[in-house]
Amino acid sequence: MSFLTILLLYYFESCIIASMEKAVWDVKSQFETYKGEAVFDAMVAEFLLSDGRFSPQMESTLAQYGVTTLPELVEKQKERLAGLPKLQSLFNEIEMPLIEVLWSMEKTGILLDTDRLKKTGEEIERAIVAAEEEIKKEVGFEINLNSSIQVGNFLAEKAGVPLAKTKTGRYATNENEIFQHAEQFPIIKKLLAYRMLSKLRSTYVESLISKVDEKGRVHTTYNQVAVSTGRLSSANPNLQNIPVTSEFGQKIKACFTASADHVFVSFDYSQQELRILAHLTGEDKLIDAFKNNRDVHKTTAMLLFNVEYDKVTKEQRMIAKTINFGIIYGMSSFGMSQTLHIPTDEAQKFIDTFYKTYPKIQIYYEGYIKQGKIDGFVETLLGRRRYVYEDPKRKFVDNNMRRVLINYPIQGSAADLMRKAMIRIYAEVVKNNSSVKLLLQIHDDLVFEVKNEKKTIDGLIEKVRDIMCHIHPLAVPIEVDVKRGKTWGEMEKI
DNA sequence: TCGCCTTTT
DNA sequence: GAGGGAAAAGGCGAA
């Protein structure tokens, strides 16, 4: 057989394979129908190919490509992907295989102890009634505490609290705005307590109970194409924003329970975004800190305030932590001044000192933004793209775009690595193993339900940790914190 | 449907 | 001189 013949055969074979794939919009929502079949998800493809401003919609995508049916659309998407090798591999090796993983997680669901949640709900209810009574006594007339307009009017005009206005001219009553007057006006603390409880009741007690199936489990829906950085989102119910901070929040989380003879085991990437920052920028001081397993916020504080590592105070560490995360998000001096409650010029000084401390971070970002403007896009470690566009409706395009771009390679690469790890974990640990179920992903955290046997748990920990830590080697070691517990609210580090 | 507020990572 | 942390979901009031 000549070389040409082989090439031709290869060409025809790939055409046949390509033409056998079924063109589908949103495979996951109809997974039972297409299970085991070769499919091409046009929605998922369009998520990679589009400019990232909106989630892809079928009607408008068809119109945009000037076609009327899915096979015509897919043909054109394939042509585009063929010219973009990195995106093509991302599509074939990450995005398409992820569909089954998410489908499986959704279908499995998580057991909710509704009796316990109802009791917690009653406790919250009592606290709400008490708070409401106290507040209403002080207000002196009928008021709906859930109405920010009524509350704003009362605080500003009756109680005399000096409140700022929102952009639409109402009084701003958000926590950040009113908390600064809490000492002078004690009603504010009661109001904030009421708000927290009321939020817990409506969003996390009543709504969760209504979503339990006949087996006592709740099933979220993961959206693979909602977030341009490549993070997942979770809805109906959203299990990615279950409370963690307050005491009642913990109690709600403790109502998510492992089934009989099972436990939860969770794996949490530790400081993953800052490790990726160290990797992308090659900043030696940050790399050293991670290599030597030092506290990264403390390290920044040490360099920023020019003190010994062991002499860093709590407050210095807190400031350093704010700056570390602020840099990741492209925070402005104003944003930082709000968070730290300091003047903007002081915040600006911290930022300048940060960049002087870590010069390679500044050099990296200058080159990265410049290249992004030249190419018209920026990309993550695995080649996910964010196109640089200008929104004519917004005034300060450059600043906003800049913030988006600065955050993108960090959050996006972290999301890439998590997606890749989930696929390997599913294939190697979950799919053909009835003792292990993958239930949840909360951005840098995976939660499994595992048969409560030492051998199974130990095996899972070894395997999952190995996959997560070595999924894409960086210039710094990757670390994963492992926890276990009978409920999601009572996980203990192991 | 929009605006405000709150929750998470 | 404005307007300023990244990205989501969702409840509720007001219109």
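As a basis for the values below, the full set of heavy atoms in this structure was taken, side chains included, without hydrogen atoms, waters or symmetry mates. Proteins come first, then strands; the chains are lettered A, B, ... in the order of their sequence lines, and each starts at number 1.
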For the side chain of [X], starting at C-beta, report the closest nucleotide among [options].
{"X": "R195(A)", "options": "dT6(B), dG10(C), dG13(C)", "result": "dT6(B)"}
{"X": "S147(A)", "options": "dA14(C), dC4(B), dA9(C)", "result": "dA14(C)"}
{"X": "R170(A)", "options": "dA8(C), dG3(B), dG10(C)", "result": "dG3(B)"}
{"X": "F325(A)", "options": "dC5(B), dG5(C), dT9(B)", "result": "dG5(C)"}
{"X": "T245(A)", "options": "dT9(B), dT8(B), dA7(C)", "result": "dT8(B)"}
{"X": "T203(A)", "options": "dC4(B), dG11(C), dA7(C)", "result": "dG11(C)"}
{"X": "K199(A)", "options": "dT6(B), dC5(B), dG13(C)", "result": "dT6(B)"}
{"X": "A235(A)", "options": "dT8(B), dA14(C), dG10(C)", "result": "dG10(C)"}
{"X": "I442(A)", "options": "dC4(B), dT9(B), dA6(C)", "result": "dT9(B)"}
{"X": "S202(A)", "options": "dT7(B), dG11(C), dG10(C)", "result": "dG11(C)"}

Does the gap between the ring centers of Y358(A) and F354(A) come in under 6.0 Å? yes

Is the NZ or CZ atom of K253(A) positioned over W488(A)'s six-membered ring, under 6.0 angstrom from the centre and within 45° of the axis? yes

So, is the end of the K437(A) side chain (NZ or CZ) under 6.0 Å from the ring centre of F448(A) and within 45° of the ring's axis? no

Spacing of the P atoms in dG3(B) and dG4(C) (rounded, Å): 14 Å

P gap between dG5(C) and dC5(B), integer Å: 15 Å

So what does [X] touch, heavy atoms closer than 4.0 Å: a base, only the sugar-phosphate, or nothing?
{"X": "N238(A)", "value": "sugar-phosphate"}
{"X": "N144(A)", "value": "sugar-phosphate"}
{"X": "I406(A)", "value": "nothing"}
{"X": "T229(A)", "value": "nothing"}
{"X": "T322(A)", "value": "base"}

Separation of [N] [atom2] from [X] [atom1] (nearest whole Å):
{"X": "F154(A)", "N": "dG13(C)", "atom1": "CZ", "atom2": "P", "result": "19 Å"}
{"X": "I149(A)", "N": "dA15(C)", "atom1": "CD1", "atom2": "P", "result": "6 Å"}
{"X": "N324(A)", "N": "dA6(C)", "atom1": "CG", "atom2": "P", "result": "18 Å"}
{"X": "R201(A)", "N": "dG10(C)", "atom1": "CZ", "atom2": "P", "result": "19 Å"}
{"X": "E247(A)", "N": "dT7(B)", "atom1": "CD", "atom2": "P", "result": "15 Å"}
{"X": "L239(A)", "N": "dT9(B)", "atom1": "CG", "atom2": "C1'", "result": "14 Å"}
{"X": "L405(A)", "N": "dG4(C)", "atom1": "CG", "atom2": "P", "result": "19 Å"}
{"X": "N174(A)", "N": "dG5(C)", "atom1": "CG", "atom2": "P", "result": "12 Å"}

Does T173(A) place a side-chain N or O at less than 4.0 Å from the phosphate oxygens OP1/OP2 of dC5(B)? yes

On DNA chain C, more 5' by nearest nucleotide between R231(A) and N236(A) is R231(A)

E379(A) and its side-chain hydrogen bond (donor to acceptor under 3.5 Å, both in side chains) partner, picked from K86(A), R386(A), R384(A), Q371(A): K86(A)

Please check: side-chain N/O of Y269(A) versus main-chain N/O of M468(A), any donor-acceptor pairing under 3.5 Å? yes

By the definition side chain to side chain contact (heavy atoms under 4.5 Å, CB included), identify the one residue from D268(A), L440(A), L438(A) that meets it with V447(A). L440(A)

